[in-house]
Protein chains: 2
Amino acid sequence: MATSAIQRLSRNGNSSPERTVDLIDTKSRILDAAEELFMEHGFEATSLRLITTAAGVNLAAVNYHFGSKEELFQAVLTRRLDPMNQDRMQLLSSYESAAAGKPLSCEKILAAMFIPALKLARDHEQGGKNFLRLLGRAYADPAPFIREFLSTQYREMIGRFRAAFSFALPHIPREELSWRLHFVMGALSYTLAGADMLKIISQLQPEETTNDELLLKRLAPFLAAGLRSPCAPNNTGPSDDDGQHFFQEA
Amino acid sequence: MATSAIQRLSRNGNSSPERTVDLIDTKSRILDAAEELFMEHGFEATSLRLITTAAGVNLAAVNYHFGSKEELFQAVLTRRLDPMNQDRMQLLSSYESAAAGKPLSCEKILAAMFIPALKLARDHEQGGKNFLRLLGRAYADPAPFIREFLSTQYREMIGRFRAAFSFALPHIPREELSWRLHFVMGALSYTLAGADMLKIISQLQPEETTNDELLLKRLAPFLAAGLRSPCAPNNTGPSDDDGQHFFQEA
DNA sequence: GCTCATTTCAAACGAACGTTTGAATTTGTT
DNA sequence: AACAAATTCAAACGTTCGTTTGAAATGAGC
């Protein structure tokens with residue numbers, strides 16, 4: 001609804017030059033409508049008839065252009081996820097170059113993860129924010145094809161960032177760092193996905209809950225502190241009094 | 001499959017005494033099968049025919065005993081969620097009594113949240129772990145009836161724990177604490193829900209990923225460090241060098 | 001203008017869904 | 001044994017789903 005460029009990107013290579021269409025591509029119209037509706041209702045609960053009606057295209061257009069509903073969902077994700085992860089890795093590389101061989105701070109590494117997400121949220125006036133919520137929900141979706149798709153989409157980026165954290169936090173064992181990185185991804189995706197859940201926990205005004213930038217400004221320091229926290233050798237509590245007999249009960 | 005007591009709990013009051021049935025109640029058979037299948041496939045993708053076949057009962061039994069598929073889902077959740085949250089609040093109260101007016105440590109409060117979850121995971125050999133995964137996924141489900149249900153189920157417990165954290169961390173403003181509590185819930189539910197996602201991030205053996213206790217032993221210190229981290233007045237980074245110009249770019 | 005590949009369209013397909021029905025069966029009470 | 005309430009059951013209800021089909025429309029190349 002707010003996208004600009006009209007580029008054809010025909011399926012069979014790029015032999016033919018660009019050609020004008022309705023005003024926006026049928027394919028893009030479907031992607032935009034699907035992104036919004038998948039975000040709102042989830043994958044299973046969103047029917048192709050709902051999508052094609054909202055997009056103003058024929059029902060059969062989805063199967064013609066994308067093959068199936070599952071492939072449409074993957075196309076919705078990859079359209080924005082792939083550039084975002086690319087941005088993340090480039091930003092991380094630029095930070096590392098500027099550091100000239102010295103390890104980065106946790107905040108700096110987290111910034112390389114968050115800034116591309118924020119840019120995405122701002123780029124398309126409402127589509128971007130919707131996409132981040134859709135993405136956060138996809139993490140928790142039990143459908144195997146979604147999990148496999150995200151797994152391959154994220155593998156490279158996660159590997160790059162784990163290496164960066166490993167260099168920044170040399171005193172944290174490799175296995176412990178994997179856990180902490182997992183917690184970081186969890187808090188981030190949950191935060192991006194469940195803006196409504198905030199109403200349960202806090203009494204913030206609804207306008208405030210949509211401010212993703214403010215949200216991440218609070219999340220990054222929180223996570224950085226957890227990442228930096230000293231690592232006890234025996235897998236028990238790290239710093240406080242009752243760290244030893246922590247899970248002895250029950 | 002492993003539940004013990006056979007209690008009838010007929011819908012119209014409690015006039016009639018208990019009476020014996022098959023071996024396990026039809027109602028319980030449905031709940032057990034539904035819990036496992038909802039966990040595996042999600043709410044939308046799990047059909048009543050799949051549930052009733054797995055439970056060995058007639059298709060119409062779900063609508064007879066529970067009214068609808070949605071009410072069955074709520075019954076699956078509330079059967080274990082309500083006692084777990086009750087345990088959490090009781091455990092927190094006992095810790096507070098033992099502290100005799102002094103504030104609890106973050107780890108202690110987190111223990112009051114985690115221990116009942118671990119007890120639940122151990123109680124039923126595999127049903128408990130399945131339930132935690134189901135619960136974690138329900139957090140991210142977009143269905144309105146699920147969100148409303150969880151909201152009411154959690155409101156009381158969250159309020160109790162926020163008060164405890166507020167007392168333990170008096171230097172953290174109320175609003176900032178709400179955010180951090182939100183992050184805690186996010187990391188916890190994500191961790192409980194997505195054990196498979198770990199394979200993306202770490203190269204842990206699959207046997208290790210199922211060890212929830214070890215998992216939470218690592219999660220609690222991580223979260224405690226984040227909760228305790230100093231709070232900058234300007235919502236910027238808390239402690240490190242580049243905390244100021246953190247999100248200036250993009 | 002004709003050709004041919006690409007795209008759109010209305011219509012239908014078979015399957016699966018949640019739910020309802022009404023009769024059969026079981027169960028507890030008298 | 002007889003009755004009434006509770007529960008089970010097979011069958012069908014109407015709807016919606018993702019996908020397929022074959023003809024109509026469209027647009028570029030010769």
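Sequence lines set the chain letters: A, B, ... in the order given, protein chains first and strands last, and positions in each chain run from 1.
For the atom pair CD (Gln74(A)) and NZ (Lys69(A)), the distance works out to 13.0 Å, reported to the nearest 0.5 Å.
When the nucleotides dT8(C), dT7(D), dT19(D) are ranked by their closest atom to the side chain of Leu48(A), dT19(D) comes out on top. In the set dT20(D), dC17(D), dT7(C), dT7(C) carries the atom at the smallest distance from any side-chain atom of Tyr64(A). Considering only side-chain atoms of Asn63(A), the nucleotide from dT19(C), dT19(D), dT7(C) that sits closest is dT19(D).
In this structure, Phe73(B) atom CZ and dT19(C) atom P are separated by 14 Å, rounded to whole Å. To the nearest angstrom, P of dG18(C) lies 11 Å from CD of Glu44(A). We find that NZ of Lys27(B) is positioned 13 Å from P of dA6(D), with the value rounded to whole Å.
Among the atoms of the strands shown, none is found under 4.0 Å from any heavy atom of Thr52(B).
Phosphate contact (OP1/OP2 of dA6(D), side-chain N/O of His65(B), threshold under 4.0 Å): absent. OP1 or OP2 of dC17(C) has at least one side-chain nitrogen or oxygen of Ser47(B) nearer than 4.0 Å. Distances shorter than 4.0 Å separate some side-chain N or O of Thr26(A) from OP1 or OP2 on dT8(C).
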ask   = Passes ring-ring contact (aromatic ring centres under 6.0 Å, His included), Phe43(A) versus Phe145(A)? Steps please.
value = CA-CA 12 Å; Phe43(A) 175 74; Phe145(A) 86 95; 5.2 Å; yes
task = Take Ser93(A) and Gln90(A), measure what side chain to side chain donor-acceptor pair (under 3.5 Å) needs, and give me the verdict at the end.
result = CA-CA 5 Å; Ser93(A) 294; Gln90(A) 284 180 13; over 6 Å; no
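With Arg180(A) contributing its side chain and Phe222(B) its backbone, the two residues share no donor-acceptor pair below 3.5 Å. At distances below 3.5 Å, not a single donor-acceptor pair connects side-chain atoms of Arg49(B) with backbone N or O atoms of Leu59(B).
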Using nucleotides 10-15 of chain C, report all nitrogen or oxygen pairs with the protein that are shorter than 3.5 Å.
unit_1, atom_1, unit_2, atom_2, d
dA10(C), N7, Asn58(A), ND2, 3.4

Quick one: which protein N/O atoms are closer than 3.5 Å to N/O atoms of nucleotides 24-26 of chain C? Pair and distance per line, please.
none

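Side-chain contact, Arg155(B) with Ser151(B): a donor N or O sits under 3.5 Å from an acceptor N or O.
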